[in-house]
Amino acid sequence: MIRALAACLAAVLAAGCGTAPPAFNMSTSDFSKAAADDLCTTYGFRSDRALEARAELVRRNLFSPAEWQQIDDKLVVAGMTECAVKAAVPLGLGERTPRKGVAGEDIGSDVVLRCAVAPVLCPYVRIEFRQGKVARVAPGPMYR
């Protein structure tokens, strides 16, 4: 009986260790423990807690004053990190297309932002990410 109980307890504990951490919730999460990517997204969406997200990004010293100026101006330029772009515009609402190299390896992705999502970047804009940074900002395809 004790062995069965011990085995049951071990199974429950092992199952608990294998669970994924709770998903980030910009309304309730502790920003001091949040991933930088989540903070950038929160700031980019200009949510109710955007200023808290910015304060935590500043505390972590993730962006230079010049980068903050680009973010606040919603300006996307070559060389920006994906996190900086997410802080500048609501990148998560764009349409992402993975890109492959000649040998089939992942080389980055392209994101097309529509005018309804990011009116400051109209007409449609395609942001090309390579190795985690903006490689190019170009006109995107027109959507009907």
*Asks:* Got a sec, which pairs hit side-chain hydrogen bond (donor to acceptor under 3.5 Å, both in side chains) with one end in residues 100-111, sequence neighbours left out?
*Replies:* R96-S109, R99-D110, K100-D106, D110-R130
*Asks:* Find the distance between OG1 (T81) and NZ (K133) and round it off to the nearest 0.5 Å.
*Replies:* 7.0 Å
*Asks:* Kindly compute the distance separating SG (C40) from CZ (F45), expressed to the nearest 0.5 Å.
*Replies:* 12.5 Å
*Asks:* Calculate, to the nearest 0.5 Å, the distance between atoms OG and CD belonging to S64 and Q69 respectively.
*Replies:* 10.5 Å
*Asks:* Working to the nearest 0.5 angstrom, can you tell me the gap between L51 CG and R46 CZ?
*Replies:* 9.5 Å
*Asks:* Donor-acceptor check, side chain of S29 to backbone of F31, threshold 3.5 angstrom: yes or no?
*Replies:* no
*Asks:* Without hydrogens or angle criteria, can the side chains of Y43 and D38 be said to hold a donor-acceptor pair below 3.5 Å?
*Replies:* no
*Asks:* If you take all heavy atoms of A36 and L62, which pair is closest and at what distance?
*Replies:* CB-CD1, 3.5 Å
*Asks:* Looking only at atom types and distance, does a side-chain atom of R54 sit under 3.5 Å from a main-chain N or O of L39, one as donor and one as acceptor?
*Replies:* no
*Asks:* If I take atom CG from residue D30 and atom CD from residue E52, how far apart are they, to the nearest 0.5 angstrom?
*Replies:* 10.0 Å
*Asks:* Mind running side chain to side chain contact (heavy atoms under 4.5 Å, CB included) on M80 and I71 for me, showing each step along the way?
*Replies:* CA-CA 10 Å; M80 285 179 95; I71 290 167; 4.2 Å; yes
*Asks:* How about CG on D48, more than 12 heavy atoms from neighbouring residues, nucleotides or ligands closer than 6.0 Å, or not?
*Replies:* no
*Asks:* If you define the side chain from C-beta out and look only at heavy atoms, does anything of V125 sit under 4.5 Å from V112?
*Replies:* no
*Asks:* Side chains of V137 and R126, heavy atoms from C-beta outward: is any pair under 4.5 Å?
*Replies:* no
*Asks:* Do F129 and L75 share a hydrophobic cluster (ILVMFWY, side-chain heavy atoms under 4.5 Å, transitive)?
*Replies:* yes
*Asks:* If you measure from CD on E82 to CD1 on I127, what distance do you get to the nearest 0.5 Å?
*Replies:* 9.0 Å
*Asks:* Mind listing the closest non-hydrogen atom pair of G94 and L113 along with its distance?
*Replies:* CA-CD2, 3.8 Å
*Asks:* Within the structure provided, determine whether V85 and V134 are in side-chain contact (heavy-atom separation under 4.5 Å).
*Replies:* yes
